[in-house]
Amino acid sequence: DHGHHHMTIKPSRFQWDKFKDLMHFYVMLGVIPVTALILYANIFVGPAQLAEIPEGYEPKHWEYEKHPISRFISRYMLNSEQQNYEKSLHYLFEENEKAQIRLLEDQVRRKMSERNDYQAYYYRPSVAKYHRISKEAADELEALRGD
């Protein structure tokens, strides 16, 4: 039987096999442990129970959550409502300060245009550090000369 043997040409399955391998790897790495954690939290810890609050005790913000995983997320990953409120107040304060500065700059420009004045025409800002360095150098030269 020395007939013609044919090699059939077909597309490669490399990408499909690689995708399946990576999919199985990440399922084993991520989905299974997370599922085990959720099952543990639901079976052994369970939801929070309502109880009387002792006198003088102020509950923390995460103690208002019912599920143990949402308590963990609220405690370690999210900000409390008070922190969010204070951050928004700070943002409003900063925006108010910027608006006041803009109003003051507009008043300065208006006064400059009324009086035909130029901004910083007679004033040249300088840095005192360089004056101190030149004074020290002049003092050293004077000490060397001996005059």
Under the rule for side chain to side chain contact (heavy atoms under 4.5 Å, CB included), what residues qualify as partners of Tyr64, not counting sequence neighbours?
Pro59
Only counting residues at least two apart or in another chain, list the ones meeting salt bridge (Lys or Arg N to Asp or Glu O under 4.0 Å) with Glu114.
Lys111
Restricting to side chain to side chain contact (heavy atoms under 4.5 Å, CB included), what partner residues turn up for Met7, sequence neighbours left out?
none
Taking side chain to side chain contact (heavy atoms under 4.5 Å, CB included) as the definition, give me every residue that meets it alongside Met28, ordered by chain and number, with sequence neighbours left out.
Ile32
Among residues at least two apart in sequence or on other chains, which ones pass salt bridge (Lys or Arg N to Asp or Glu O under 4.0 Å) with Arg13?
Asp17
Under the side chain to side chain contact (heavy atoms under 4.5 Å, CB included) test, which residues partner Glu97, sequence neighbours left out?
Phe93, Gln100
Could you pull out all residues at least two apart from Lys135 that satisfy salt bridge (Lys or Arg N to Asp or Glu O under 4.0 Å)?
Asp139
Residues clustering with Tyr26 (ILVMFWY side chains joined when closer than 4.5 Å, directly or via others):
Leu22, Phe25, Leu29
Who else is in Ile38's hydrophobic cluster (ILVMFWY, side-chain heavy atoms under 4.5 Å, direct or via others)?
Val34, Ile69, Phe72, Ile73, Tyr76, Met77, Leu78
Sequence neighbours excluded - salt bridge (charged side-chain N to carboxylate O under 4.0 Å, His left out) pairs with any residue from residues 81-93:
none
Quick one: list whatever passes salt bridge (Lys or Arg N to Asp or Glu O under 4.0 Å) with Glu95, sequence neighbours left out.
Lys98
By side chain to side chain donor-acceptor pair (under 3.5 Å) - contacts of Glu63 (at least two apart)
Tyr57
